[in-house]
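Okay, structure first, notes after.
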Amino acid sequence: MQFHRKNLSNEQLIDLYKNLLLPRMIEEKMLLLLRQGKISKWFSGIGQEAIAVGATMALDADEWIMPLHRNLGVFTARNMPLSKLFKQWQGNKDGYSKGRERSFHFGTKDHHICGMISHLGPQLAIADGVALAHKLGSENKVALAFTGDGGTSEGDFHEALNVAAVWDLPVIFIIENNGYGLSTPVNEQYRSFGLVERARGYGMEGVQIDGNNILEVYDTIKGVRNFCIENQKPYLIECMTFRMRGHEEASGVKYVPLALFDLWEKKDPIKNYEQYLQQENILTEEAVAHIRNGIKEYIEAELKTGSQSEPIIPNTTEEVNDLYAPVTTSNYYSTINDRKPTANDKRFIDGIKEGLFQSMQQHPNLVLMGQDIAEYGGAFKITEGFVETFGKARVRNTPICESAIVGAALGLSLKGYKAMMEMQFADFATVGFNQIVNNLAKIYYRWGQNADVVIRMPTGGGVGAGPFHSQSNEAWFVHTPGLKIVYPSTPMDAKGLLIAAINDPNPVLYFEHKALYRSIGGPVPSAYYEIEIGKARIVQQGEDITVITYGAGVHWATEYAKNHPGVSLYILDLRTLLPLDYDAIKTAVKATGKILLLHEDSLTGGIGGEIAAWIAEHCFENLDAPVLRCASLDTPIPFNMELEKNFMAYSRLDEYVDKLMRY
Ligand SMILES: Cc1ncc(C[n+]2csc(CCOP(=O)(O)OP(=O)(O)O)c2C)c(N)n1
């Protein structure tokens, strides 16, 4: 192995050595503790340390890194105390995730490390968002994300690199090519000669280097960092290395030819570098022994401290309270002066547009992203004219890559920005699903980083658009703790709930029914105001039947009431589906004792079932009839207007009201 010190001083070379040695020695100790059953799982980075350590030391301490499961060297090179790391690995309360996360699945804002989720690839796009924040703030910084060779087969790899290239983002993508993804060798993973070849396909620079040579890694990444900042471009670095142990300690290495271990043992990053430092008389044998002893003592002392944690006593209140970042707001509609509606009613779509526009004025750190939202104004023209007022930097057309854009939105949050992403249609959330339900929803509970992201979801049918442009998919997300889900039905709520969603530091899915955009009008105050998330609205009082509904259902119910003066309906508009306003539901149940849950979503697994169960558990004594659900058919939503009408819950509303009236 050839080492080129270039202009590094002896002190710098020794510093690199100490940083390289530390994770190796920690791991050797952890493997012992694993055998003794003192930690539960371990993903070894032995043999690959030069990449994590070299990369981390080449960056500034406040530049975000997105590491993976073999990157202990990132954590140690950021000087995180081993005692606390050890508590983390043992699942102790005073680790980095209050015992909620395992192994390396945690991050820390203090050290600018973003915790991975198991799915590997989603890390990459978060780096895009951080780099976008650097670009918008004219900071001379990069973000750096790791992937394994296996992870490059994920769509997330493609999306993240493509976005970084198209948006000229200063991101360093590092592939640690260690020959295997779990047991699958690289020749069953990809066909290109080297993974670095892909860089050209994305229109970015790339280089393949020896990942076991600490000086080559450090020097390359220092240089690449400067390149990315100066040219405002991403860069792909493929680091060739080898995994000297099994995928994780329990899985063994039977599938790896023994000759490969012999070959790579000779290329061990630490042994080779140590020899080099001794040959160059930078370190004597005694000095090496001294450093090793020092590290040993440090490890022993830190493990002693790290072992002194009390066992966790679960506190359910704390667990539930840590689901959402605290909300601080003072713009509720009830507290603003401008209570009188403006003279002219506005359409539902204008309520959304106005809420978004005023939010852009209110928050200079709010960035909008979505397909065709800039000059074109978005598929439904909600952002028409925005680019002229706020500029292309903040109103961003995106490539067609929902997963990467949700990830980038999260990356913006890491840097204190706010992001609003427009799903062109709510149906397309499926291709960003993982980022929404696993990253956005869970990150605050996992390690205290909030996801200040709103995703607008044009949803619903009634427009003859067929199975992939008309779905009601809110129930998929209602089942995911950590998200907030709002679903306005009036122009006034559309504006106020959108403003509240953007002010809220948590991830909010904002469902906007397409059929209401231009068909519904109503008063919209011109002031900047919020409608409180989590509060339902009584649309009208009534005595015979309580209809609990949201979105288009609110208009179906009011229409029904208008056309049937003989039936007195109490109508509750939920407005927020997660968290639900149980107080308002209880009051609504008490009002009539006969409950009809009405929604456009299909019956099975729809939110009506959840509310019906809650009513049965908590309001049984107030009921005078079985709780009924009027929902759409359990089929995909069809295209033909007659079929669609038949699919819709509305076509059966009469029948259900009659049933309850007769009961
Ligand atoms: C989406 C997803 N699929 C499968 C897995 C299971 N899994 C965990 S690590 C891994 C191999 C990853 O290989 P690579 O990206 O080369 O990284 P390495 O483990 O070699 O460092 C697999 C298949 C996962 N975590 N996520």
Side-chain angles (χ1 to χ4, degrees), residues 23-24 27 40-56 65-75 101-106 114-127 144-161 173-192 194-196 198 208 211-212 217 236-257 260-261 264 269 402-404 406-407 430-439 442 446:
R24 170 70 59 90
E27 261 215 50
S40 66
K41 212 171 179 68
W42 193 262
F43 292 90
S44 175
I46 287 184
Q48 303 184 205
E49 297 95 336
I51 303 166
V53 171
T56 307
I65 299 182
M66 288 68 192
L68 291 178
H69 48 292
R70 285 185 214 294
N71 296 137
L72 172 60
V74 170
F75 297 81
E101 261 295 13
R102 64 182 219 172
S103 56
F104 291 97
H105 295 207
F106 66 95
C114 177
M116 67 180 287
I117 61 170
S118 292
H119 305 64
L120 313 166
Q123 284 289 78
L124 297 159
I126 303 176
L144 184 149
F146 286 90
T147 175
D149 43 274
T152 63
S153 298
E154 290 187 39
D156 278 318
F157 175 86
H158 165 73
E159 291 195 11
L161 268 71
F173 296 106
I174 295 201
I175 303 171
E176 290 188 88
N177 191 340
N178 64 10
Y180 288 85
L182 214 160
S183 73
T184 305
V186 287
N187 63 357
E188 292 183 44
Q189 198 74 246
Y190 58 87
R191 271 288 171 271
S192 55
L195 285 167
V196 73
R198 295 189 188 180
Q208 189 186 66
N212 281 23
V217 173
L236 180 65
I237 304 176
E238 183 182 13
C239 298
M240 304 311 290
T241 186
F242 188 68
R243 200 189 65 202
M244 293 300 285
R245 302 192 64 87
H247 168 65
E248 50 97 22
E249 282 309 308
S251 64
V253 285
K254 267 196 206 140
Y255 47 86
V256 183
L260 280 179
F261 288 106
W264 283 90
E402 285 75 6
S403 182
V406 179
T430 42
V431 274
F433 194 74
N434 187 36
Q435 292 278 25
I436 296 172
V437 303
N438 283 322
N439 246 336
K442 297 178 175 57
R446 291 169 60 232

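Note that ligands are numbered from 1 as they come in the structure, with each ligand's atoms numbered from 1 the same way.
Among all non-hydrogen protein atoms, the one lying nearest atom 10 (C) of ligand 1 is His247 CE1, 3.7 Å. The protein atom (non-hydrogen) at minimum distance from atom 11 (C) of ligand 1 is Leu182 N, 3.4 Å. The protein atom (non-hydrogen) at minimum distance from atom 21 (O) of ligand 1 is Arg70 NE, 2.8 Å. In terms of protein heavy-atom proximity, atom 17 (O) of ligand 1 is closest to Gly148 CA, 3.7 Å. What sits closest to atom 15 (O) of ligand 1 on the protein, heavy atoms only, is Gly151 N, 2.8 Å. Residue, atom and distance of the protein heavy atom nearest to atom 12 (C) of ligand 1 are Leu120 CD1, 3.9 Å. At the top of the distance list for atom 16 (O) of ligand 1, counting protein heavy atoms only, stands Gly150 N, 2.7 Å. Of the protein's non-hydrogen atoms, the one nearest atom 13 (O) of ligand 1 is Gly181 CA, 3.2 Å.
Using bins of under 30°, 30° to 60° and over 60° for the plane-to-plane angle, the ring pair Phe43/His69 lands in the perpendicular bin. Ring planes of Phe75 and Phe104: tilted class, angle from 30 to 60°.
The proximity of Asn178 to ligand 1, defined as any non-hydrogen pair under 4.0 Å, is limited to the side chain. Using a 4.0 Å cut-off between heavy atoms, Phe43 makes no contact with ligand 1 at all.
Across every non-hydrogen atom of Ile174 and Cys239, the tightest pair is CG2-SG, 3.9 Å.
Residue Gln48 places every heavy atom at 4.0 Å or more from ligand 1.
For the pair Arg198/Leu161, no side-chain contact is recorded, criterion being any heavy-atom separation below 4.5 Å from C-beta on. Two residues are said to be in side-chain contact when any heavy atoms from C-beta on lie closer than 4.5 Å; Leu72 and Gln48 fail this criterion. Contact check for Asn178 versus Asp149: side-chain heavy atoms found under the 4.5 Å cut-off.
Those atoms of ligand 1 that come under 4.0 Å of a heavy atom in Asp149, given as number and element, are 15 (O), 16 (O). Under a 4.0 Å criterion applied to the non-hydrogen atoms of Ser118, ligand 1 contributes the atoms 24 (C), 25 (N), 26 (N).
Side-chain atoms of Arg243 come within 3.5 Å of backbone atoms of Leu182 as a donor-acceptor pair (strictly under, hydrogens ignored).
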> Between Arg70 and Phe146, does a side-chain contact (heavy atoms from CB on, under 4.5 Å) hold up when you go through it step by step?
Replying inline: CA-CA 10 Å; Arg70 285 185 214 294; Phe146 286 90; over 6 Å; no
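Distances between N or O atoms of His69 and those of ligand 1 include at least one value under 3.5 Å.
For the residue pair Asn177/Gln208, the side-chain donor-acceptor check at 3.5 Å is not satisfied. Of the N and O atoms on the side chains of Ser153 and Gln189, at least one donor lies less than 3.5 Å from an acceptor on the other residue.
Per-atom contact check: atom 4 (C) of ligand 1 does not touch the protein, criterion being a heavy-atom distance below 4.0 Å. In this structure, atom 24 (C) of ligand 1 is in close contact with the protein, since a protein heavy atom lies within 4.0 Å of it.
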